[in-house]
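First comes the structure, then the notes that go with it.
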Amino acid sequence: MRTDSTRVSDDAMAAVRAHITEVYGRDYLPGEPNVYGNKERAQDAHEAIRPTLMEWAPDQVATPRSPSTPRAPS
């Protein structure tokens, strides 16, 4: 999976800006979104990797790991 794209859809940008305002307050939201350019050789065929929905925080969707479930290697 390629991850060198910096492009984010307008819908995703609006959702994350609304989330920041709601959860952290307007003081933590820049006036304009950060926009990054791409290098000439970057393969920018897809949108950058991002959360699908901002409404679900990790602690809301995470399931507790039972003691018998193996841990992921670190």
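From a predicted model like this one, the values you see are computed outputs, not experimental measurements.
Listed here is the closest heavy atom pair of Gln60 and Glu55: OE1-O, 3.3 Å.
Ser68 is linked by a side chain to side chain donor-acceptor pair (under 3.5 Å) to Ser66, counting only residues two or more places apart in sequence or in another chain. For Ala12, the side-chain contact (heavy atoms from CB on, under 4.5 Å) partners are Val8, Ser9, Glu47, Arg50, not counting sequence neighbours.
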Enumerate, atom names and distances included, each donor-acceptor pair closer than 3.5 Å involving a side-chain atom of residues 19-29, sequence neighbours excluded.
unit_1 : atom_1 : unit_2 : atom_2 : d
Thr21  : OG1    : Arg17  : O      : 2.9

